[in-house]
Amino acid sequence: MRTPAEVWSNLKAEIRKEWKTAFWTVFILGLLIHFPVMAGDYPNHDGLASMYFDQNMITSGRWFLMAACGVSSYFALPWVIGLLSLFFLGIGAAALVEFLEIKNELGIMLLGGLLVSFPALASTYAYMFTADGYMLALCLVFFAVMLTKKREWGFIPGGISLAFSMGTYQSYLSFAILLSMYGCLIILLGEASAQKKLKNMLHYLYMGLTGVGLYYVILQILLRLQGKELDTYQGINSMTSGGGFSVTEKFLRIYQDFLAFTGNGNVLYNNTISFAALGLLGAAAFILLVRLVIRRKYYKKWYFYLICPAVILLVPVAFNVILLISPEVTYHLLMRYQWSLLPVLLLGFLLRYGFLQTELSGQFSPLHRRDAKVLKKPSVICNIVLQWAVLAAAVTLILHYGVTDNIAYFNLQKKYEKTYAYCLRLADRMEQTKGYYAGMPVAMIGVQNKENLPETDITGSVTSNMIGMTGDYLIYTDNNYQAFMKHYLGVTINLVADEEMERIYTTQEYQALNSFPQEGSMKVVDGILYIKTE
C-alpha cells in the first residue's frame, strides 16, 4: 500500500503539460471573465425560487443532477458553485485537448479561452444554482469521446460517461455527436487501412448507443421506483413519441433553427469585427481541408462524394439533436453551448495540421535557424502571415466573447438593483395601506405595467438572445415577487390560491384599482390585500 505522498507524486508525474495548460487557462481566464457573477448575488427569475433547491429533476429526465450538484450543497452559493464549475470545465478542457491531440501550448490556451468565454457559459451562470452540475455534465461528455478515441474498448466507459452526462443535462448530447463526427473526419484523413478506419469510426457509434441506452434504462427504473412520470415541460415527455411531429417537420425545424441562430443569433458574432474573425477561422480551415483533399487525392475516391453532402446535412442535426428527440422544446442560450465548437473545432483542425507551431512544416528548419532565403520564399511568407491572422482571429473572438459576457453581467446586476428598489417601494406601500397586517393574504397577478416604468435596458442589442440576462426587472409573476421580497427584503407575501385569484381578478374592486406605482393601487377587501401591478 502506498502513502498519500507517493500517490500524489505519481499522480503529478502522470499529468501532462498540455492538460495543465488547458486546465489553468480555463480556470484562470474563467475567473477573470466571470468573476462579477461569482462574487455577486444576482439571481434571475428562476434563481429566485432556487435559493435552496435539492435538484431532484427526475421528471425532467435529469436523474443524476441531484448528485452532481450535491457537492456544493443545494444552496445558491455563487462563489462555491462558480469555482466548482470552472474546476469541472477545466478538467473537461484537458480531456478535450487530449481528444483533439493538440500539443502546442499557445494553441491550447486559445482553445481553452474560446471554450470558457463563449456567451452560453455566461447564460448558464445566470442560472448559478445549477451551473456546477451542468459543467460536470460537459466534462463527462469530453471524457466520453476522449476515452472512445484513446482506448481499444474505450467506448464502454465512454458510453457510461455519456449516460451520466445526459442524466445531468441532456442538451450536451450535441457535444458528443459533433465531436464524434469530428473524430470520424480525422480518421478519414488518416493513413490507416479502410478496415481500421471503419472499426475506429464505429467505436463512436457504439459509445453513443451505449450511453443513450443506459441513460434511458436508468431513467425508467428511477421513475418507477419513485412512482413518477416525465413532465410536460419543454416536451420532455414526448422524447420517445416524437410529440406528434412528422420526420419532415422535425428536420425542417432543425434546419431553420440552425440557420437562424448561426446566421443571426447575435451570439457567435454581433459586430463586423467578430464576424470577420470567425470568417477568417472558417476560411483558413476550409483552405487547409481542400489542400489535404488535393494532396492526398481524396477526390478520386468514390466515398468522398457521399461523405461531403452527408456532413452538410448532418451537422445542423447534430447541433439541434434535442429538436429531433423533443420537437416542442424552446431553445435557450444555455442549451446552445455546443455552438462554441464552431470556433473551437475550426482552430483545433488548424492546430492539428501545423498552425502556430514553432516550425512551419517538416521541410523547414526551426524559426531561430532559418536563413534569409527560406524566409523570402512566397509560400513561407504566406504561411507566417496566415498564422498571425489565425492567432489574431482567435484572440479577437475570446476578447469579444469575454466583453459580451460582462455586458450581460452588467445588465443582470442592474436588473437586480432595479428590482430591489421597485419591491422596496411596493413593500412600503403595502405597509401603509389601511387594514394591512404582516402575513395577510395577498391577491396579485405580478405582471408589471411597463407604461408606468421607464425602459432602462441599454444592452438589448447584445443580450437579446441571452435568456435571464436581458430586460429591466427580475420579476414576471406573483411567485417572483413572493420569493424576491422574502429572500432580499424579509417581507412575507402569502399569495391567495390561483383559483381564488381568478375570481378576484374579475371583481369590480380589483378592476377599479390603479396600476402601481400610482396612488390607489392597493386596497384591503374582506381581509385580503388587493395589489394591482399590471
Side-chain angles (χ1 to χ4, degrees), residues 37 40-53 76 78 122-123 125-130 233 330 332-334 408-433 436 438-460 463-498 500-502 504-505 510 513-523 528-534:
V37 75
D41 181 17
Y42 311 121
N44 69 357
H45 52 283
D46 277 359
L48 292 175
S50 302
M51 296 296 172
Y52 179 87
F53 179 37
S123 190
Y125 280 142
Y127 299 79
M128 180 60 77
F129 57 92
T130 192
Y233 175 71
T330 300
H332 301 157
L333 182 56
L334 72 166
Y409 296 145
F410 165 82
N411 194 58
L412 187 61
Q413 179 186 1
K414 295 298 180 287
K415 287 176 65 174
Y416 164 79
E417 292 173 348
K418 285 178 282 190
T419 301
Y420 187 94
Y422 179 89
C423 287
L424 190 63
R425 295 165 61 195
L426 187 70
D428 181 65
R429 188 77 64 86
M430 287 168 53
E431 293 169 353
Q432 295 185 44
T433 301
Y436 170 82
M440 74 181 307
V442 175
M444 66 187 305
I445 295 294
V447 179
Q448 292 173 296
N449 183 356
K450 301 299 183 181
E451 294 180 359
N452 289 340
L453 301 169
E455 184 176 345
T456 58
D457 178 12
I458 60 175
T459 67
T463 62
S464 58
N465 271 343
M466 302 181 72
I467 184 172
M469 299 288 203
T470 194
D472 286 309
Y473 294 89
L474 301 174
I475 46 181
Y476 303 98
T477 68
D478 54 355
N479 290 318
N480 292 154
Y481 280 95
Q482 184 184 47
F484 189 92
M485 296 179 78
K486 173 184 178 181
H487 294 297
Y488 291 97
L489 298 180
V491 175
T492 300
I493 295 182
N494 290 325
L495 298 171
V496 299
D498 291 342
E500 178 67 5
M501 187 62 230
E502 290 179 8
I504 292 174
Y505 188 75
Y510 185 88
L513 293 175
N514 293 322
S515 180
F516 184 81
Q518 292 176 324
E519 185 179 355
S521 58
M522 301 181 192
K523 183 179 181 181
I528 300 175
L529 176 62
Y530 289 11
I531 302 177
K532 189 173 183 180
T533 58
E534 99 288 9

Would you say the side chain of K523 lies within less than 4.5 Å of the side chain of Y510, judging by non-hydrogen atoms?
no
Fit a plane to each ring of F484 and Y420, take the angle between them on a 0 to 90° scale, and name the class: parallel (under 30°), tilted (30 to 60°) or perpendicular (over 60°).
perpendicular
Taking E519's backbone N and O only, do any of them form a donor-acceptor pair with N514's side chain (distance below 3.5 Å, no angle check)?
yes
Keeping R429 on the side-chain end and P517 on the backbone end, is there a donor-acceptor pair under 3.5 Å?
yes
Steps toward side-chain contact (heavy atoms from CB on, under 4.5 Å) verdict (M430, I493):
CA-CA 10 Å; M430 287 168 53; I493 295 182; 4.2 Å; yes
Could you tell me which non-hydrogen atom of S123 sits nearest to which non-hydrogen atom of L333, and how far apart they are?
OG-CB, 3.7 Å
Should Y505 and E500 be marked as a side chain to side chain donor-acceptor pair (under 3.5 Å) after you check the CA-CA gap, both sets of side-chain angles, and the distance that decides it?
CA-CA 9 Å; Y505 188 75; E500 178 67 5; over 6 Å; no
Rounded to the nearest 0.5 Å, what separation is found between the CG atom of L426 and the OG atom of S521?
7.5 Å
OH of Y42 to CG of L412: how many Å apart, nearest 0.5 Å?
8.5 Å
Could you go through Y409 and Q413, starting from their C-alpha distance and side-chain angles, then the distance that decides it, and tell me whether this counts as side-chain contact (heavy atoms from CB on, under 4.5 Å)?
CA-CA 6 Å; Y409 296 145; Q413 179 186 1; over 6 Å; no
Check step by step if side-chain contact (heavy atoms from CB on, under 4.5 Å) holds for L453 and Q448.
CA-CA 9 Å; L453 301 169; Q448 292 173 296; 3.8 Å; yes
With no hydrogens and no angle check, is any side-chain donor or acceptor of K532 less than 3.5 Å from a backbone partner on L513?
yes
Heavy-atom side-chain contact between E431 and Y436 under 4.5 Å
yes
Are Y52 and F129 an aromatic pair, judged by ring center distance below 6.0 Å?
no
Could you check whether any side-chain N or O of T419 sits under 3.5 Å from a backbone N or O of K415, counting only pairs where one atom can act as donor and the other as acceptor?
yes
Can you check whether M469's main-chain N or O pairs, donor with acceptor, with T463's side chain at less than 3.5 Å?
no
Please confirm whether the backbone N or O of L424 pairs with a side-chain atom of D428, one donor and one acceptor, at under 3.5 Å?
no
Is the closest side-chain heavy-atom distance between H45 and L474 below 4.5 Å?
no
Less than 4.5 Å apart, side chain to side chain, heavy atoms only: is that true for V37 and M128?
yes
In terms of side-chain heavy atoms, does D41 have a donor or acceptor partner in Y416 at a distance below 3.5 Å?
no
So does G439 get a backbone contact from the side chain of N494, meaning a donor-acceptor N/O pair under 3.5 Å?
yes
Which value, rounded to the nearest 0.5 Å, describes the distance between Y473 atom OH and E417 atom CD?
12.0 Å
With no hydrogens and no angle check, just 3.5 Å: does a side-chain donor-acceptor pair link Q482 and D478?
no
Which atoms form the tightest heavy-atom contact between T533 and V447, and what is the distance?
OG1-O, 2.9 Å
Please check this pair: side chain of S515 against backbone of N449, looking for a donor-acceptor N/O pair closer than 3.5 Å.
no
Separation of N479 CG from K486 NZ (nearest 0.5 Å):
11.5 Å
With a 4.5 Å heavy-atom cut-off, do L495 and M444 have their side chains touching?
yes
Is K414 close to T456 at the side-chain level, that is, under 4.5 Å between some pair of heavy atoms?
no
Could you tell me whether a side-chain N or O of N480 sits under 3.5 Å from a main-chain N or O of I475, the two making a donor and an acceptor?
no
Over all atoms of both residues, closest heavy-atom pair of V496 and P441:
CG1-CB, 4.0 Å
Less than 4.5 Å apart, any side-chain heavy atom of F516 and any of I531?
no
Side chains of I504 and I528, heavy atoms from C-beta outward: is any pair under 4.5 Å?
yes
Using side-chain contact (heavy atoms from CB on, under 4.5 Å), reason through H487 and L48 one step at a time and then give a plain yes or no.
CA-CA 8 Å; H487 294 297; L48 292 175; over 6 Å; no
Where does the angle between the aromatic ring planes of Y481 and Y422 fall among parallel (under 30°), tilted (30 to 60°) and perpendicular (over 60°)?
tilted
Is the closest basic N to carboxylate O distance between D472 and K418 below 4.0 Å?
yes
Nearest heavy-atom pair of A76 and S50: which atoms, and what distance?
CB-O, 3.8 Å
